[in-house]
Every structure is written in C-alpha cells, then in structure tokens.
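Side chains are part of it too, since the values below use all heavy atoms of this structure and drop only hydrogens, waters and symmetry mates. Counting starts at 1 for both ligands and their atoms, in listed order.
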Amino acid sequence: MPDTLSILTGEYERLRLAAGHDAIELDLGCGKGGYLLELARRFPDRLIIGADVMLGRLRKIKRKAERRGLDNVMLLRVEAWSLLPLLPDGVLDRIHILCPDPWPKARHRAHRLITSELLGRLAGKLTATGVLHLATDNGPYLETMRAAIAPLASYREDREGIRDAVEIQTDFERGFAARGVAVGHLSYRREEQLV
Ligand SMILES: C[S@@+](CC[C@H](N)C(=O)[O-])C[C@H]1O[C@@H](n2cnc3c(N)ncnc32)[C@H](O)[C@@H]1O
C-alpha cells in the first residue's frame, strides 16, 4: 500500500485524490483510527482519509490497515487548518470530527477546534450534498458545536447523513461508553448556498 501515509507541511500543491471511489470521507483528528478503519472495512469502495497531527498514531493505523488488507485508506499527518488549502473544493462526501479535544477549562477554550470559521471553510470542501458529522462527550462543547453551526446557511441538520455509521464507535467513544458517559452526535448536510 504505497503512499498510504503522507506528511503534509501546508506548502505544496493540492492533494491528488485518486478517482474511482464511490465516495470520499475525511476523519479529521482521527486519533488511533478505530473509526476510520471500521468505515474502510465496511465500505471498501469508499476512500477513507484520516488526518491527525500525531505521527505515531498514524503509523500504527497504517500498520493495522495493511494487516487488514485495506487499500482504501489514506493517512495525512497535518494540522486541520493547514489541510484546508490543500484539499480541492467540493470533493468530500462526508467529514467526521469526532470527540475533538474538549478543552473544558475556560482559559483553554481558544484551543478548541470547532468554530464557525472552520465549519464554514469545511463546507466548501463538501460535495453539494456532503455531510458534516460532529460528536463529543462534553455537554458544553456539544452546545458550542451547535452554536458554531447555527449562523451558517451552508448546513442544515440531517440525521440521515450518518445512518450508515451510527453504530460505529470511535476509540474515545468506546472508552466513554465503558464509563457510562454518552457521546452526542450531530449530522448536517451541506446546502447549495455557501457562506
Ligand atoms: C480526543 S482525540 C479523538 C480521536 C478520535 N477522533 C476518537 O474519537 O477516538 C483528538 C485527536 O485530534 C487530534 N487533533 C487535535 N487537534 C488537531 C488539529 N488541529 N489538527 C489535526 N488533528 C488534531 C489529536 O492529535 C487527537 O488524536
């Protein structure tokens, strides 16, 4: 599986995404990759991209994908904002941002990944009917996610967008479930109108 793992520095040309897939999904902040590996196993005709800043985690995901014979996985070592200019517009059928670091302390809130600005920019990367899937175990962060998306006319809530994946749990989600902590999921479909 050559070129499964790429280290992106944010300086180069746009990513070349191989044609011939039924759909392309991005797991942004994929962590240990349990979610994307399961997606890749269930949907071999889709290209599943995992992006994270932690190279060690990505290397482990690559080894797991190889052992499982998954040839529809692409891994990117890249920071979320740096990925934006490298992604072509209108190509992603679904973006997952699942259990992002919650930064619960008030003085750390500025580190949170989810903002209106990021979600607005991501809308441009989705296909015309693409889906944005968000999840968190942190109640206040869930409300922050809803508030971040509320002013964006480029999305409308649509639970159907994640119907084929509702029972797949991320690694963090499994840990939370074992401790009896529920994870809330949000699903939005892109509207034609972009803001
Ligand atoms: C709490 S973990 C969740 C991982 C996985 N989504 C899950 O639910 O099991 C958050 C992940 O996001 C990654 N991350 C945090 N900030 C990021 C950023 N700005 N760009 C890319 N990845 C980021 C971290 O390295 C970490 O692996």
Side-chain angles (χ1 to χ4, degrees), residues 4-12 15 24-43 46 48-65 68 70 73-87 92 94-105 107-126 131-142 144-145 148 161-162 165-188:
T4 305
L5 173 54
S6 303
I7 299 173
L8 304 179
T9 63
E11 300 169 17
Y12 303 119
L15 270 178
I24 304 179
E25 304 198 30
L26 168 67
D27 185 354
L28 187 53
C30 62
K32 295 179 183 170
Y35 188 84
L36 76 91
L37 288 167
E38 181 57 18
L39 270 184
R41 186 189 71 79
R42 288 186 188 201
F43 305 111
R46 300 183 192 174
I48 311 296
I49 305 172
D52 205 289
V53 288
M54 298 190 73
L55 187 56
R57 287 185 173 175
L58 293 167
R59 287 196 169 120
K60 285 185 187 159
I61 301 170
K62 176 172 155 60
R63 286 197 289 273
K64 284 184 187 166
R68 296 175 194 182
L70 300 171
V73 171
M74 177 189 249
L75 300 168
L76 306 175
R77 197 261 177 132
V78 68
E79 198 282 322
W81 281 94
S82 304
L83 176 60
L84 287 170
L86 305 179
L87 275 173
L92 299 177
R94 194 156 58 178
I95 299 171
H96 310 269
I97 308 179
L98 308 177
C99 303
D101 298 309
W103 296 106
K105 290 184 182 159
R107 67 177 185 279
H108 292 150
R109 293 275 154 79
H111 298 306
R112 283 180 170 174
L113 185 58
I114 304 294
T115 61
S116 283
E117 192 184 353
L118 182 82
L119 300 183
R121 294 277 303 278
L122 287 174
K125 304 300 172 187
L126 288 169
V131 168
L132 174 69
H133 175 199
L134 306 174
T136 180
D137 69 300
N138 184 287
Y141 201 8
L142 194 68
T144 301
M145 290 174 174
I162 52 172
V166 276
E167 73 284 10
I168 306 177
Q169 289 184 314
T170 76
D171 300 288
F172 267 71
E173 189 169 12
R174 269 203 301 281
F176 290 129
R179 303 201 302 274
V181 178
V183 168
H185 289 257
L186 302 172
S187 172
Y188 300 86

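Heavy atoms of Met54 come nearer than 4.0 angstrom to ligand 1 in at least one pair.
Of all protein heavy atoms, the one closest to atom 2 (S) of ligand 1 is Phe172 CE1, 3.6 Å. Regarding atom 13 (C) of ligand 1, its nearest protein heavy-atom neighbour is Asp52 OD2, 3.3 Å. The nearest heavy-atom contact from the protein to atom 22 (N) of ligand 1 is Val53 N, 3.6 Å.
Each of the following atoms of ligand 1 lies closer than 4.0 Å to a heavy atom of Val78: 21 (C). Remark: ligand 1 atoms within the under-4.0 Å shell around heavy atoms of Gly31 are 4 (C), 27 (O). Heavy-atom contacts of Asp171 reach the following atoms of ligand 1: 9 (O) (cutoff under 4.0 Å). Taking a cut-off of under 4.0 Å to the non-hydrogen atoms of Ala80, the atoms of ligand 1 that pass are 18 (C), 19 (N), 20 (N), 21 (C).
At a threshold of 4.5 Å between non-hydrogen side-chain atoms, the residues Met145 and Tyr188 do not count as touching.
Of the possible donor and acceptor atoms, one in the side chain of Arg112 sits under 3.5 Å from a partner among the backbone N and O of Pro102. A donor-acceptor contact shorter than 3.5 Å links the side chain of Tyr141 to the backbone of Ile114. Proximity of a side-chain donor or acceptor of Arg46 to a complementary backbone N or O of Ala40 within less than 3.5 Å is not detected. For Lys125 (side chain) and Leu87 (main-chain N/O), a donor-acceptor pair under 3.5 Å exists by modelled atom type. Put simply, the side chain of Asp52 gets close to the backbone of Cys30: a donor and an acceptor are under 3.5 Å apart.
In this structure, a donor-acceptor pair under 3.5 Å is absent between the side chains of His133 and Glu25.
On a distance-only criterion, Leu98 and ligand 1 share at least one N/O pair closer than 3.5 Å. Of the N or O atoms in Gly29, one or more lie within a sub-3.5 Å distance of an N or O in ligand 1. Inclusion of Cys99 in the set of residues having an N or O under 3.5 Å from an N or O of ligand 1 is not warranted.
Residue contacts with ligand 1 for Ala135 are absent, since no atom lies close enough (heavy atoms, distance under 4.0 Å).
For atom 19 (N) of ligand 1, the candidate residues are Lys32, Glu79, Arg57, His111; the nearest heavy-atom contact is made by Glu79. Among Thr170, Asp101, Leu118, the residue whose heavy atom sits closest to atom 16 (N) of ligand 1 is Asp101.
Between Trp103 and His111, the two ring planes are tilted [angle within 30° to 60°].
The nearest pair of heavy atoms linking Val53 to Arg77 is O-NE, 2.8 Å.
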